[in-house]
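I have placed the structure first, in the form of structure tokens, so that the comments after it can refer back to it.
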Amino acid sequence: MKLRFAPSPTGFLHVGGARTAIFNLLHARRYGGTMLLRIEDTDVERSRQHHAEQIITSLKWLGVAWDEGPVYQSDRLDRYRERAEELVAAGKAYRCYCTVEELDAERSAAERAGKQWRYSGRCRKIDGDAGEPHVIRFAVQPGPIEFHDLIRGDVHFEGELIDDFVLLRSDRNPTYHLSVVVDDIDMAITHVARGDDHLSNTPKHVLLFRAFGAAVPSFAHLPLILGGDKKRLSKRTGATSAEEYREMGIVPDALFNFLTLLGWSPGENRELFTAGEATQWFDLADVNKAPAVFDPEKLIWMNGQYLMRMTAEQIYPHLVPFLGDAPRTLDELRTIIELHKMRVRTLRELAKQMAIYFIGDDAIEYDADTVKKHIKGDDLAGRLSALHETLLSTDPFDVVTSEAALRSLAETQGVSAAKLIHPLRLALTGRGASPPIFDVAVVLGKERTLRRLQRLIERLPLIEG
RNA sequence: GGCGCAUUCGUCUAGGGGUCCAGGACGCCGCCCUCUCACGGCGGUAACACGGGUUCAAAUCCCGUAUGCGCUACCA
């Protein structure tokens with residue numbers, strides 16, 4: 001068994017393509033087959049090498065580890081020409097000398113007349129000069145064309161409705177239809193899993209496989225991934241590339257898991273699982289027929305689930321790009337990551353929350369709503385000064401000791417501990433929400449904790465009421 | 001227009017003739033936990049597109065309608 005993922009390098013790796021790659025990988029792994037990566041760059045107008053490299057980078061990031069390739073179709077142009085000529089020699093294809101201009105004119109004339117247009121096949125008859133500019137077209141024979149699709153079941157088309165499609169362009173470059181079939185034959189592909197948008201092209205491919213006397217592979221046409229507008233996911237409706245989600249702070253395993261669940265389910269209400277587990281359960285035949293809407297909200301939730309389950313060591317390498325210029329070592333960040341990982345949903349958020357530990361003590365900005373809510377009460381300045389004193393003499397300065405010290409102080413002050421805790425949180429973080437405040441204080445250390453507390457006390461007259 | 005494919009809560013899905021007045025998850029709303037936030041727990045909201053069949057019985061099978069999407073290039 002052999003599968004392939006065959007993107008065309010005309011942009012970033014689309015999440016739909018990413019899912020196709022994942023499904024190919026999973027199916028291959030499930031059945032002990034191999035997976036090939038093939039870059040379909042026969043469209044010289046739109047293909048770019050840097051896009052191919054970008055796609056490869058994204059696949060690696062995602063964890064799609066193919067076995068063979070990448071094979072570039074642009075390295076195999078002679079092979080496609082050779083195969084096209086074989087079909088001409090066998091009378092299964094022919095040279096067509098019609099120009100694009102002529103055909104376009106015919107097409108638009110037919111359109112104006114309200115009629116549907118198809119190529120007349122007029123060049124089938126003529127025996128032209130192979131030296132003259134021409135394309136090679138496949139001579140489609142009438143009759144039913146049927147094939148089995150792992151996902152859709154049996155599908156049929158009528159040969160009469162299919163144009164004599166172009167195999168080789170006038171610049172001697174192959175079209176997709178030719179290159180894909182030649183390669184799938186040469187590379188012994190047994191299962192073709194690709195986007196639903198190719199379903200209508202499949203009869204052409206079946207015809208080609210037969211014309212070449214080759215076995216027709218199994219097909220699996222995956223339903224499209226839709227945007228929130230129920231249209232094919234596009235830039236207008238949100239992020240479409242794997243790269244954008246990476247930049248957003250999504251961890252690759254989370255995206256992998258999420259994409260796996262778009263159009264497939266392992267059953268038994270399982271949602272969070274590893275690629276390895278999916279490998280044991282996946283089968284192309286179980287993929288849904290209906291298109292699925294990509295819901296970024298759920299992806300972000302899932303990413304949060306991954307982050308909270310990952311260790312600081314696992315998160316760190318993914319986090320580094322979000323940290324900005326100041327390099328931080330894992331040792332510096334370990335505790336902080338542990339403290340914050342369960343309260344964020346993306347790496348970007350995590351980096352943002354972590355900033356409070358690295359800015360200057362005088363750079364804390366007090367959140368207005370939190371000030372309004374917690375900076376009040378009789379003699380707050382006096383009580384906070386007492387807290388400052390208490391913390392100053394707290395030794396050791398650890399979570400348990402400092403919390404006990406604060407709580408007993410609150411008791412002697414006759415107020416709830418919350419009356420000290422909230423202002424302390426504001427002093428240390430500037431915010432109304434944070435990890436348990438004594439953990440934050442310990443990470444900051446006694447010195448910085450006291451400095452930040454002192455600063456709030458000094459500013460009390462300015463910000464209060 | 002032609003051809004093809006599809007249709008279960010707002011979204012992802014389970015379910016494939018009786019066990020379904022339809023299960024899980026995201027989101028949303030309550031409550032609990034609690035120094036806040038988050039996590040977690042509990043509860044709630046919400047769906048078988050429509051119409052005909054077949055059958056003792058249909059979300060599940062068949063037909064039609066509607067709607068949506070895809071293809072209809074010398075793009076893939």
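Both backbone and side-chain heavy atoms feed into the values below; hydrogens, waters and symmetry mates do not.
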Would you mind reading off the distance between [X] atom [atom1] and [N] atom [atom2], rounded to a whole angstrom?
{"X": "A:L261", "N": "B:rU11", "atom1": "CG", "atom2": "P", "value": "16 Å"}
{"X": "A:L150", "N": "B:rC5", "atom1": "CG", "atom2": "C1'", "value": "16 Å"}
{"X": "A:L161", "N": "B:rG2", "atom1": "CG", "atom2": "P", "value": "11 Å"}
{"X": "A:F5", "N": "B:rA76", "atom1": "CZ", "atom2": "P", "value": "16 Å"}
{"X": "A:R48", "N": "B:rA76", "atom1": "CZ", "atom2": "P", "value": "14 Å"}
{"X": "A:I162", "N": "B:rG2", "atom1": "CD1", "atom2": "P", "value": "17 Å"}
{"X": "A:K298", "N": "B:rC26", "atom1": "NZ", "atom2": "C1'", "value": "5 Å"}
{"X": "A:R152", "N": "B:rC3", "atom1": "CZ", "atom2": "C1'", "value": "15 Å"}

Determine the Euclidean distance between corresponding [atom1] atoms of [M] and [N]; express it in Å to zero decimal places.
{"N": "B:rC69", "M": "B:rC26", "atom1": "C1'", "result": "24 Å"}
{"N": "B:rC61", "M": "B:rG18", "atom1": "P", "result": "12 Å"}
{"N": "B:rA47", "M": "B:rA59", "atom1": "P", "result": "15 Å"}
{"N": "B:rC71", "M": "B:rG15", "atom1": "C1'", "result": "32 Å"}
{"N": "B:rU72", "M": "B:rC62", "atom1": "P", "result": "30 Å"}
{"N": "B:rC48", "M": "B:rU11", "atom1": "P", "result": "12 Å"}
{"N": "B:rG64", "M": "B:rA76", "atom1": "C1'", "result": "36 Å"}
{"N": "B:rG17", "M": "B:rA58", "atom1": "P", "result": "14 Å"}

Which part of the nucleic acid does [X] contact within heavy-atom distance under 4.0 Å: base, sugar-phosphate only, or nothing?
{"X": "A:A290", "result": "sugar-phosphate"}
{"X": "A:G304", "result": "nothing"}
{"X": "A:V293", "result": "sugar-phosphate"}
{"X": "A:E40", "result": "sugar-phosphate"}
{"X": "A:T42", "result": "sugar-phosphate"}
{"X": "A:F294", "result": "nothing"}
{"X": "A:A292", "result": "sugar-phosphate"}

In a table with atom names and distances, give each donor-acceptor pair under 3.5 Å that connects a side chain of residues 251-258 of chain A to protein atoms at least two apart or in another chain.
unit_1 : atom_1 : unit_2 : atom_2 : d
A:N257 : OD1    : A:F273 : N      : 2.9
A:N257 : OD1    : A:Y306 : OH     : 2.5
A:N257 : ND2    : A:E271 : O      : 2.9

Are side-chain N/O atoms of A:R425 and A:S434 paired as donor and acceptor at under 3.5 Å?
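There is such a pair between these side chains.
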In terms of side-chain heavy atoms, does A:H134 have a donor or acceptor partner in A:Y94 at a distance below 3.5 Å?
no
Hey, are A:E349 and A:K352 close enough for a salt bridge, meaning a charged N less than 4.0 Å from a carboxylate O?
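Looking at A:E349 and A:K352, the cut-off is not met.
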Between A:R118 and A:D163, is the closest basic N to carboxylate O distance under 4.0 Å?
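Salt bridge flag = yes for A:R118 with A:D163.
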Pi-cation contact, A:W281 with A:R270 (under 6.0 Å, within 45°):
yes
Given the ring of A:Y72, does A:R38 sit roughly above its face, with NZ or CZ under 6.0 Å from the centre of the six-membered ring and within 45° of the axis?
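Ring-cation test returns no.
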Once rounded to the nearest 0.5 Å, what's the spacing between atom CD1 of A:I457 and atom OG of A:S385?
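Separation between the atoms: 4.0 Å.
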What pairs of nitrogen or oxygen atoms, one from the protein and one from nucleotides 14-18 of chain B, lie under 3.5 Å apart?
none

Between the side chain of A:D129 and the main-chain N/O of A:G131, is any donor-acceptor distance below 3.5 Å?
yes
Which nucleotide, in any strand shown, forms a Watson-Crick or G-U wobble pair with [N], with both distances under 3.5 Å?
{"N": "B:rG18", "answer": "B:rC56"}
{"N": "B:rC26", "answer": "B:rG10"}
{"N": "B:rG51", "answer": "B:rC63"}
{"N": "B:rC31", "answer": "B:rG41"}
{"N": "B:rC5", "answer": "B:rG68"}

For atom CD of A:E411, decide whether the heavy atoms of other residues, nucleotides or ligands shown that lie under 6.0 angstrom number more than 12.
no
Could you run down nucleotides 36-41 of chain B 5' to 3' and tag each one B, S or - for protein heavy-atom contact under 4.0 Å?
BBBSS-
For a quick check, with a 4.0 angstrom heavy-atom cut-off, what is the B/S/- contact string for nucleotides 58-73 of chain B, read 5' to 3'?
-----------SBS-S
Using a cut-off of less than 4.0 Å, is there contact between a side-chain N or O of A:R407 and OP1 or OP2 of B:rC35?
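True: A:R407 side-chain N/O within range (under 4.0 Å) of B:rC35 OP1/OP2.
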Can you list, pair by pair, the side-chain donor-acceptor contacts under 3.5 Å of residues 153-160 of chain A, counting residues two or more places apart and other chains?
unit_1 : atom_1 : unit_2 : atom_2 : d
A:D154 : OD1    : A:H148 : ND1    : 2.9
A:H156 : ND1    : A:E146 : OE2    : 3.0
A:E160 : OE1    : A:G143 : N      : 3.2

Which of the following nucleotides, B:rA6, B:rA76, B:rC35, is nearest to the side chain of A:K289?
B:rA6
Position toward the 5' end of RNA chain B (nearest nucleotide), A:C96 or A:A418
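Residue closer to the 5' terminus by nearest nucleotide: A:A418.
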Shortest non-hydrogen contact from A:L13 toward A:S58:
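Scanning both residues completely, I find the closest heavy atoms to be CD2-CB, 3.7 Å.
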Going through the checks in order, is the ring-ring contact (aromatic ring centres under 6.0 Å, His included) test met by A:Y366 and A:H374?
CA-CA 11 Å; A:Y366 302 121; A:H374 296 296; over 10 Å; no
Kindly write out the residues that satisfy ring-ring contact (aromatic ring centres under 6.0 Å, His included) with A:F358, not counting sequence neighbours, or none if the list is empty.
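A:F358 satisfies ring-ring contact (aromatic ring centres under 6.0 Å, His included) with no residue once adjacent residues are dropped.
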